Amino acid sequence: QVHVVESGGGLVQPGGSLRLSCAASGLSLDYYSIGWFRQAPGKEREGISCISTSDGSTYYADSVKGRFTISRDNAKNTVYLQMNSLKPGDTAVYFCAARQAVITGTNWAVQRLYDYWGQGTQVTVSS
């Protein structure tokens with residue numbers, strides 16, 4: 001049975017940092033790409049980053065580029081999202097999702113292409 005579980009959310013002040021983790025079981029990062037998405041109150045869920053299986057190519061939404069870094073530890077079957085310089089606008093529920101494909105283009109943020117989703121972790125950026 002496949003599970004992806006997010007952790008690491010919480011309350012942080014503007015300008016602060018958090019590291020989210022996405023732990024996968026029942027699948028291998030050797031064959032699955034992992035995407036991070038978020039949904040703010042009253043807004044649609046959006047893609048923010050992805051790391052591809054195989055060559056580890058990374059992708060970012062413009063809104064987080066330069067502040068967020070995605071990485072993976074295949075031995076631990078875990079993907080991380082390091083979030084720095086957080087802003088109140090980053091407040092959202094953050095989800096990770098797994099997709100059995102090598103990511104090669106702009107469809108990394110197409111949610112219907114992802115096979116497995118976690119339950120989400122809340123990130124609140126507030127003073």
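Predicted, not measured: the structure shown is a model, and the values here were computed from it.
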**Q.** Pairs satisfying ring pair (Phe, Tyr, Trp, His ring centres under 6.0 Å), at least one member in residues 15-36, at least two apart
**A.**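 Passing the test, one end in residues 15-36: no pairs.
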To the nearest 0.5 angstrom, please state how far the [atom1] atom of [X] sits from the [atom2] atom of [Y].
{"X": "Ile48", "Y": "Arg67", "atom1": "CD1", "atom2": "CZ", "result": "9.5 Å"}
{"X": "Ser57", "Y": "Ile51", "atom1": "OG", "atom2": "CD1", "result": "8.5 Å"}
{"X": "Ile103", "Y": "Ser52", "atom1": "CD1", "atom2": "OG", "result": "5.5 Å"}
{"X": "Glu46", "Y": "Gln111", "atom1": "CD", "atom2": "CD", "result": "9.0 Å"}

Please find the pair of heavy atoms, one from [X] and one from [Y], that lie closest to each other, and give the distance.
{"X": "Ala61", "Y": "Gly47", "result": "CB-O, 3.5 Å"}
{"X": "Val93", "Y": "Gly120", "result": "CG1-CA, 3.8 Å"}
{"X": "Val79", "Y": "Arg72", "result": "CG2-CB, 3.8 Å"}
{"X": "Thr121", "Y": "Glu6", "result": "CG2-CB, 3.9 Å"}

(Q) Under the disulfide bond (SG atoms under 2.5 Å apart) definition, can you give me all pairs with a residue in residues 94-127, not counting sequence neighbours? (A)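 Pairs touching residues 94-127 that pass the test: Cys22-Cys96.
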Q. Got a sec, which pairs hit disulfide bond (SG atoms under 2.5 Å apart) with one end in residues 97-127, sequence neighbours left out?
A.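 For residues 97-127, and leaving out neighbouring residues, there are no disulfide bond (SG atoms under 2.5 Å apart) pairs at all.
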Looking at residues at least two apart in the chain, or sitting in another chain, which of them share a side chain to side chain contact (heavy atoms under 4.5 Å, CB included) with [X]?
{"X": "Gln119", "result": "none"}
{"X": "Ala92", "result": "Arg38, Ala40, Tyr94"}
{"X": "Val125", "result": "Val12, Pro14, Leu86, Pro88, Asp90, Thr91, Val123"}
{"X": "Ala101", "result": "Arg99"}

Is there a path of hydrophobic side-chain contacts, each under 4.5 Å between heavy atoms, that joins [X] and [Y]?
{"X": "Val64", "Y": "Trp108", "result": "no"}
{"X": "Leu81", "Y": "Tyr116", "result": "yes"}
{"X": "Leu20", "Y": "Tyr80", "result": "no"}

Determine whether a donor-acceptor pair (N or O, by modelled atom type, separation under 3.5 Å) exists between the side chain of [X] and the backbone of [Y].
{"X": "Asn77", "Y": "Ala23", "value": "no"}
{"X": "Asp73", "Y": "Lys76", "value": "yes"}
{"X": "Thr53", "Y": "Leu29", "value": "yes"}
{"X": "Tyr59", "Y": "Ala109", "value": "no"}

**Q.** Residues Phe68, Ser49; criterion side chain to side chain contact (heavy atoms under 4.5 Å, CB included); working and verdict
**A.** CA-CA 8 Å; Phe68 291 10; Ser49 187; 5.9 Å; no
Q) What pairs meet the side chain to side chain donor-acceptor pair (under 3.5 Å) rule with one or both residues in residues 15-25, with sequence neighbours excluded? A)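 The answer is Ser17-Asn84.
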Q. Who are the side-chain hydrogen bond (donor to acceptor under 3.5 Å, both in side chains) partners of Thr58, not counting sequence neighbours?
A.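 Once residues adjacent in sequence are excluded, Thr58 has no partner under the side-chain hydrogen bond (donor to acceptor under 3.5 Å, both in side chains) criterion.
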**Q.** By ring pair (Phe, Tyr, Trp, His ring centres under 6.0 Å) - contacts of Tyr114 (at least two apart)
**A.**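 Checked Tyr114 against ring pair (Phe, Tyr, Trp, His ring centres under 6.0 Å); matches are Phe37.
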Q | Non-neighbouring partners of Cys50 that pass disulfide (SG to SG under 2.5 Å), sequence neighbours left out | A |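 Applying disulfide (SG to SG under 2.5 Å) to Cys50 gives none.
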Q) Under the salt bridge (Lys or Arg N to Asp or Glu O under 4.0 Å) test, which residues partner Asp62, sequence neighbours left out? A)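 With neighbours one apart ignored, the set is Lys65.
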(Q) Can you confirm if the NZ or CZ of Arg45 lies within 45° of the ring axis of Phe95 and under 6.0 Å from the centre of its six-membered ring? (A)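 Arg45 over Phe95 ring: yes.
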